[in-house]
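Here is the structure we will look at, set down as structure tokens.
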Number of protein chains: 2
Amino acid sequence: MWQRHQHSQCIKEALSKAEQICIDHQCRLTPIRKKVLELIWKSHKPIKAYDLLAQLSSEDFIEKPPTVYRALEFLIDNNLIHRIESQNAYIGCNTDHETLDSKFLICDQCNEVEELSEPKINKTLSEISKKQGFIPSLVNVEIHGTCSQCAQH
Amino acid sequence: MWQRHQHSQCIKEALSKAEQICIDHQCRLTPIRKKVLELIWKSHKPIKAYDLLAQLSSEDFIEKPPTVYRALEFLIDNNLIHRIESQNAYIGCNTDHETLDSKFLICDQCNEVEELSEPKINKTLSEISKKQGFIPSLVNVEIHGTCSQCAQH
DNA sequence: TTAGTAATGTTATAGTATAACATTACGTAT
DNA sequence: ATACGTAATGTTATACTATAACATTACTAA
């Protein structure tokens with residue numbers, strides 16, 4: 001689904017984006033938060049909370065669930081990662097969001113996930129909500145299937 | 001969000017729909033499956049597996065997790081209920097599905113859920129998937145916000 | 001009737017997440 | 001620099017969600 005590439009670049013970009021956001025939002029990218037964000041980007045696929053936990057503990061970080069869940073909460077609140085609801089897993093966000101929304105293509109073959117940033121989807125969903133008198137505050141779209149790479153094999 | 005009404009009618013309809021589907025699919029609406037479906041419709045809001053479990057056990061049904069999870073799996077597979085991923089909860093389906101998709105408006109105030117059956121959403125999502133060479137097999141859309149009823153108060 | 005499959009029973013455990021309270025670190029006003 | 005308030009983390013315990021694995025029972029069709 002994604003081009004093969006060195007992750008180091010996306011990790012770097014993600015971290016510097018995170019730092020900028022923390023300045024803007026007046027909050028702190030503490031070592032734990034930074035480490036969790038880094039691990040999520042390193043994985044490059046959805047990663048589970050307890051897998052993060054295991055990796056943290058193997059690197060001399062504190063390895064208790066609340067630690068990682070707090071970091072995840074922080075990163076989600078600041079739009080630096082998203083939760084893939086259908087997998088109880090977390091993935092980095094490299095998209096600029098004007099609204100609270102996340103939209104994914106999830107390949108059930110290779111488990112790669114691509115985040116969509118198509119305004120058209122938001123527009124359609126927003127129109128339909130409005131038609132029902134519903135005021136949306138947060139949208140989540142998860143499309144499972146087979147990615148182009150996997151479809152060819 | 002929904003008009004006030006007697007649930008008895010929707011429960012009846014849901015059950016007879018279920019019976020028809022089981023005939024079509026050559027499977028059985030056993031007492032447990034029927035009871036679980038009934039409880040889900042009685043709730044009329046998303047209901048959790050362990051809440052179903054509690055209600056079952058108070059009615060002389062077997063009250064072990066696998067029982068209820070198996071019934072839930074059966075009902076989901078036959079499109080009689082859906083799982084609300086963002087809530088780990090289950091809700092009845094009164095919609096006819098041509099494809100595997102579920103789309104919800106979820107009111108965070110009153111916790112009512114309305115299932116959408118707008119082909120336009122599927123069309124939009126399908127077009128965008130295709131553009132990426134992605135072959136969708138299952139779509140889930142969860143829109144959180146405030147329903148028209150709650151917005152007025 | 002009996003053999004094969006579907007469904008359920010049962011025990012145990014895996015996997016996901018949070019509550020509650022204690023402690024430490026940080027930012028800032030004095 | 002110091003003291004104070006807030007933010008973040010440490011720590012223990014437990015709640016909540018779901019499934020594996022194997023035994024038993026019920027149904028169906030030859």
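Residue numbers start from 1 in every chain, and the chains themselves are labelled A, B, ... in the order their sequence lines are given, proteins ahead of strands.
- When the nearest nucleotides of DNA chain C are assigned to B:Thr67 and B:Asn88 by heavy-atom distance, the more 5′-ward of the two goes with B:Thr67.
- Under the 6.0 Å cut-off for aromatic ring centres, A:His144 and A:Phe104 do not qualify, their centroids lying 6.0 Å or more apart.
- One can place NZ of B:Lys35 at 18 Å from C1' of C:dT8, the figure rounded to the nearest angstrom.
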Check against salt bridge (Lys or Arg N to Asp or Glu O under 4.0 Å), B:Glu127 and A:Lys120: CA-CA 11 Å; B:Glu127 278 168 13; A:Lys120 194 179 171 191; 3.2 Å; yes
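- Atoms CG (B:Asn78) and P (C:dA6) sit 14 Å apart, rounded to a whole Å.
- Atom pair B:Glu85:CD and D:dA18:P shows a separation of 9 Å (rounding to whole Å applied).
- Shown here for B:Leu100 and B:Ser137, the closest heavy-atom pair between the two residues is CB-O, 3.6 Å.
- The base of C:dG27 has none of its N or O atoms less than 3.5 Å from a complementary donor or acceptor on the side chain of A:Arg28.
- Residues A:Lys64 and A:Ala71 each lie close to DNA chain D; by heavy-atom proximity, the contact nearer the 5' end of the strand is made by A:Ala71.
- Using a cut-off of 4.0 Å between Lys/Arg side-chain N and Asp/Glu carboxylate O, B:Glu13 and B:Lys17 are scored as not salt-bridged.
- Of the charged side-chain nitrogens involved, none lies within less than 4.0 Å of a carboxylate oxygen, so that B:Lys123 and B:Glu118 do not count as a salt-bridged pair.
- Residue A:Arg70 is classed as a base contact, given a heavy-atom separation below 4.0 Å to a base.
- In this structure, B:Leu53 atom CG and C:dT10 atom C1' are separated by 14 Å, rounded to whole Å.
- Following rounding to the nearest Å, A:Glu63 (CD) and D:dT11 (P) show an atom-to-atom distance of 9 Å.
- Atom CD in A:Glu73 sits roughly 9 Å away from atom P in C:dA19 (whole-Å rounding).
- D:dT19 has no stacking from B:Tyr69 on its base ring, since the centres under 5.5 angstrom apart and planes within 30 degrees of parallel are not both found.
- Phosphate proximity of C:dG15 to A:Lys48: absent, as no side-chain N or O sits under 4.0 Å from OP1 or OP2.
- Residue B:Asp77 contributes atom CG, which lies 14 Å from atom C1' of C:dA6 at whole-angstrom precision.
- Residue B:Tyr50 places no side-chain N or O under 4.0 Å from the OP1 or OP2 atom of C:dT16.
- The side chain of B:Pro66 lies closest to D:dT19 when the candidates are D:dT17, C:dA7, D:dT19.
- Between the P atom of C:dT16 and the CZ atom of B:Arg83 lies a distance of 12 Å, rounded to the nearest Å.
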